[in-house]
Amino acid sequence: MNTHVKITDSAPTDLSRRSFLVGSAATGLVLGYAAVPGIDQALAAPSAFEPSVWYSIGPDGLVTVTCGKADMGQHIASTMAQIVSEELGSSWKDMRVQLASNDPKFNDPVLGAQITGGSWSTMMNFDAMSRAGAAGRIALTEAASASMGVPAGELVVRGSVVSHPKSKKSMTFAEIVKSGKITKTFTPDELKAIKLKTPDQYTMVGVSVPQLDIPPKINGSAKYGIDVMLPGMVYGKVVTPPVRYGATVKAVDDAAAKKVPGFIKAITLDDKTGSTTGWVVAVANTYANARKAADALKITYDNGPNAKLSSQSLIDEAKRLQALDDSGQFFVKDGDTAAAFGTAAKVMEAEYTTSINIHAPLEPMNATAEFKGDILHIYSGNQFATRSGAIAAGAAGIDPKFVVMHQMWLGGGFGRRLDADMMVPAVQAAKAVGKPVKVIYSRENDMTMDYSRPLTFQKVKAGLDADGKLIALNHDVVSAWPTARWGIPDMLPPSVDKKGPLDSFTVNGADFFYSVPNHNVRAIKNEMAHNATPSGQLRSVAPGWTFWAVESMIDELAHAAGQDPAQYRIALLDGKGKNDGGAQRLRNTLLAAMGMAGYGTTKLPKGEGMGVACVSSQERATASWTACVAHVAVSDSGEVKVKKLTVATDVGMQVHPDNIRAQVEGAALWGLSLAMYEKATLKDGGIEQTNFDTYTPLRMSQTPEVAVNVIANGDKPTGVGEPAVTVIAPALGNAIFNACGARIRSLPITAEAVKANMKT
């Protein structure tokens with residue numbers, strides 16, 4: 001008897017530029033997910049009911065949801081379970097979660113590649129998971145109808161029980177599954193035709209239920225990558241060269257390492273994937289001995305072509321490239337900016353820079369590799385299993401189909417674990433010694449070899465008419481291109497000038513919702529930075545720097561026009577043409593933040609100021625509308641004290657209100673940290689900062705009051721993990737100007753820069 005509901009497709013989702021997720025099989029990177037320890041590792045019993053590949057219901061009535069996203073503390077696994085539970089009608093106490101395996105069935109035709117980033121997870125999964133839950137409810141209802149001999153249309157599903165109010169008959173989910181009478185199947189069209197609940201009918205979505213991943217994280221049963229233990233396992237400690245990228249190993253003297261107890265071997269990596277260069281891994285019976293052996297190795301390097309480069313080198317090259325008329329590709333090309341500048345009453349220009357920034361998750365990079373016959377098993381927490389599996393295969397020199405990835409819980413990711421460099425030494429060491437090898441980076445390895453947020457240089461030129469209205473804006477963005485480094489053509493959309501593909505993840509946000517009739521945005525790849533500092537995606541990606549420039553310049557224009565900066569923005573957010581809808585939502589968040597903060601109505605002491613900014617992060621097609629009013633006090637020496645951050649954000653549908661608020665608060669503080677405290681520098685080709693004494697994120701003592709207003713309007717859910725990061729820096733810069741007259745154009749903001757630019 002058929003005991004499975006077969007869902008062969010999911011409802012269509014507008015993936016916008018992320019259509020690459022569906023087509024990435026063509027790139028040779030598709031692997032599926034990794035087999036994963038989660039809260040409930042047990043496979044569904046043969047008699048379990050599987051309404052979808054994404055969840056099953058056991059004969060005990062427990063509902064196990066498989067999460068196809070990396071869970072790094074944002075509770076996305078619990079969110080997926082909450083979405084399923086809403087439509088399924090299950091009791092929350094019966095819900096369990098586990099992380100996805102790399103079974104090919106998880107290569108979903110709609111949800112696509114296994115990637116966690118862009119604040120996409122809830123928005124991209126909400127409809128599909130809702131339909132999966134609804135399909136299960138319908139199938140359970142029909143089976144219960146047959147068993148109880150009552151019409152299916154008269155049944156009610158609530159709390160994992162299907163009941164018939166008229167006859168008082170009822171069956172639990174467990175009883176229905178054990179009956180073996182579930183026969184309902186769905187065609188793709190039938191699945192798409194399911195009528196889902198409307199927001200006013202929700203009983204689960206919108207409720208701050210207990211997060212399912214917290215108990216196992218407290219009792220230790222949830223396993224992170226660093227927790228993996230395998231029989232016969234040994235340890236690897238990497239030795240990295242003094243330059244970030246481009247070095248080669250000329251010789252390795254392991255004489256002193258051989259004196260370390262438990263030392264096994266030193267392996268020079270031969271990394272055909274290009275993830276690493278010039279690395280050696282020392283293998284020993286314990287991690288402590290592996291560290292001692294690594295320290296004892298004497299390695300001779302050729303430091304390669306980037307050995308003399310510095311942060312200043314990268315900035316100088318960026319400025320050279322920006323000055324060339326033919327460099328880069330156009331991301332936006334609306335109207336005729338040259339003609340508009342010719343008629344403008346006032347033309348203003350400004351340059352904006354951001355520094356190299358490091359992810360630094362508290363769980364350092366790690367991976368454990370084990371060969372079982374022809375099969376390579378990788379245990380690691382990663383955000384891009386599709387690509388990471390391909391890198392592991394490349395490091396081993398095997399076909400990706402022979403790689404099994406075991407997805408672990410992540411002790412922080414923030415984009416760092418989109419990359420898989422940690423897998424390369426583990427794989428090659430395991431192959432060399434014939435044993436499972438766990439590699440753990442030291443904090444110094446983690447920082448100096450980070451796939452960092454790139455150093456950026458931006459130049460903005462704006463033209464105002466006689467009334468102070470913005471009529472033209474040119475915005476050039478010069479940086480390394482993190483996405484281009486991945487080698488996935490589908491992730492690089494064509495430029496609007498048909499000059500070639502560009503990395504839109506370096507310019508997103510510059511295509512804002514202000515109405516400007518003449519608007520150019522040019523994306524310019526800094527090859528020097530691209531090669532010397534291989535960059536990655538750090539929480540907030542391009543909007544973290546593009547909105548720094550845009551929202552700072554808008555403020556400058558408002559002051560030049562003699563208008564209040566907030567009102568100036570409101571006038572630009574008129575919703576005309578392509579900005580219809582989005583501009584109105586952004587304007588509403590700005591008004592909400594202004595009202596909460598008392599902007600324009602609160603009399604401030606001398607040396608204090610409020611500044612505003614509003615953003616459409618992460619991408620124009622998938623924006624969460626976010627605004628901030630920052631309140632600062634600036635001393636005569638230029639020291640800035642952030643007194644309060646007021647953030648309003650429109651996220652459409654709230655699945656878990658407490659989690660959303662926590663993520664917005666965390667994002668705001670991350671944005672503050674990037675704006676005020678974090679900076680990495682390149683010297684002689686290497687990152688100078690090696691630990692938290694020299695790379696100094698926000699400390700608890702520096703944390704201001706954060707007020708959050710979440711606007712939930714019942715529209716489709718948007719992302720919350722990143723958008724608030726991007727609004728903080730410009731709001732702070734604008735507040736500092738209002739407090740003391742100092743206009744800051746470089747991040748991080750320093751007391752020296754504020755003092756130097758103060759109005760006397």
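Every value quoted in this text rests on a predicted model; they were computed, and no experiment measured them.
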Reported [atom1]-to-[atom2] distance for the pair [X] and [Y], which is rounded to 0.5 angstrom:
X      : Y      : atom1 : atom2 : answer
Asp497 : Asn520 : CG    : CG    : 9.5 Å
Asp316 : Leu321 : CG    : CG    : 11.0 Å
Ile744 : Asn734 : CD1   : CG    : 11.0 Å
Met528 : Leu314 : CE    : CG    : 7.0 Å
Ile115 : Ile488 : CD1   : CD1   : 7.0 Å
Ser540 : Leu674 : OG    : CG    : 6.5 Å

Q | Residues Tyr441, Asn366; criterion side chain to side chain contact (heavy atoms under 4.5 Å, CB included); working and verdict | A | CA-CA 6 Å; Tyr441 287 15; Asn366 62 81; over 6 Å; no
Would [X] and [Y] pass as an ion pair if we require N to O under 4.0 Å?
X      : Y      : result
Asp419 : Arg485 : yes
Glu639 : Lys755 : no
Asp450 : Arg416 : yes
Glu351 : Lys461 : no
Glu527 : Lys525 : yes
Asp326 : Lys499 : no

Q.
Applying salt bridge (Lys or Arg N to Asp or Glu O under 4.0 Å) as the test, list every pair that has at least one member in residues 671-686; sequence neighbours left out.
A.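 Residue pairs passing salt bridge (Lys or Arg N to Asp or Glu O under 4.0 Å), neighbours aside: none found.
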Where do [X] and [Y] come nearest, in terms of heavy atoms and distance?
X      : Y      : answer
Ala472 : Ala340 : CB-CB, 3.5 Å
Leu410 : Glu363 : C-OE1, 3.7 Å
Phe547 : Ser617 : CE1-OG, 3.6 Å
Gln663 : Gly721 : OE1-CA, 3.2 Å
Pro723 : Ser119 : CD-OG, 3.8 Å
Ala549 : Val460 : CB-CG2, 4.1 Å

Q: Mark yes or no: Arg743 above the aromatic ring of Phe737, with NZ or CZ under 6.0 Å from the six-membered ring centre and no more than 45 degrees from the axis.
A: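 Relative to the ring axis of Phe737, which defines the angle, Arg743 lies inside both limits.
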(Q) If you apply the rule salt bridge (charged side-chain N to carboxylate O under 4.0 Å, His left out), what do you find for Glu349 with Lys459, and how did you get there? (A) CA-CA 7 Å; Glu349 296 186 45; Lys459 187 162 187 177; 3.3 Å; yes
Hey, does [Y] have a side-chain heavy atom less than 4.5 Å from the side chain of [X]?
X      : Y      : result
Tyr301 : Lys250 : no
Ile749 : Val754 : yes
Leu669 : Leu698 : yes
Ser504 : Pro493 : yes
Leu502 : Phe331 : yes

If we ignore angles and hydrogens, is there a donor and acceptor under 3.5 Å between the side chains of [X] and [Y]?
X      : Y      : value
Thr626 : Ser624 : no
Arg417 : Thr116 : no
Thr726 : Gln618 : no
Asn445 : Lys237 : yes

**Q.** Backbone of Ser327 reached by a side-chain donor or acceptor of Arg522 within 3.5 Å
**A.**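 Answer holds: yes.
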Q. Under the 3.5 angstrom rule, does the side chain of Asn303 hit a backbone N or O of Ala307 as a donor-acceptor pair?
A.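 Not at all, since once roles are kept as given, no pair shorter than 3.5 Å links the two residues.
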**Q.** Test log, rule side-chain hydrogen bond (donor to acceptor under 3.5 Å, both in side chains), inputs Ser452 and Asn357
**A.** CA-CA 6 Å; Ser452 55; Asn357 292 115; over 6 Å; no
**Q.** Qualifying residues under ring pair (Phe, Tyr, Trp, His ring centres under 6.0 Å), relative to Phe341, sequence neighbours excluded
**A.**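 Once residues adjacent in sequence are excluded, Phe341 has no partner under the ring pair (Phe, Tyr, Trp, His ring centres under 6.0 Å) criterion.
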Taking the ring centre of each residue, are [X] and [Y] less than 6.0 Å apart?
X      : Y      : answer
Trp548 : Phe457 : no
Trp481 : Phe505 : no
Tyr568 : His559 : no
Trp486 : Phe384 : yes

Q | With Thr456, the side-chain hydrogen bond (donor to acceptor under 3.5 Å, both in side chains) member among Thr354, Thr546, Thr506, Thr353 | A |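 For Thr456, the side-chain hydrogen bond (donor to acceptor under 3.5 Å, both in side chains) check succeeds only for Thr354.
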Q | From CA spacing to verdict: side chain to side chain contact (heavy atoms under 4.5 Å, CB included), Thr681, Ile687 | A | CA-CA 6 Å; Thr681 51; Ile687 297 296; over 6 Å; no
Q: Begin from the C-alpha positions of Thr483 and Gln537 and carry the test side-chain hydrogen bond (donor to acceptor under 3.5 Å, both in side chains) through to its verdict.
A: CA-CA 8 Å; Thr483 321; Gln537 316 290 8; 2.8 Å; yes
Q) Who pairs with Asp270 by salt bridge (Lys or Arg N to Asp or Glu O under 4.0 Å), at least two apart in sequence or on another chain? A)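 Applying salt bridge (Lys or Arg N to Asp or Glu O under 4.0 Å) to Asp270 gives Lys272.
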Q | From CA spacing to verdict: side-chain hydrogen bond (donor to acceptor under 3.5 Å, both in side chains), Arg620, Asn579 | A | CA-CA 10 Å; Arg620 184 181 173 93; Asn579 297 321; 2.9 Å; yes
Q | Passing option when Tyr451 is tested against Thr533, Asp421, Ile358, Leu418 for side-chain contact (heavy atoms from CB on, under 4.5 Å) | A |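 The side-chain contact (heavy atoms from CB on, under 4.5 Å) with Tyr451 is passed solely by Asp421 among Thr533, Asp421, Ile358, Leu418.
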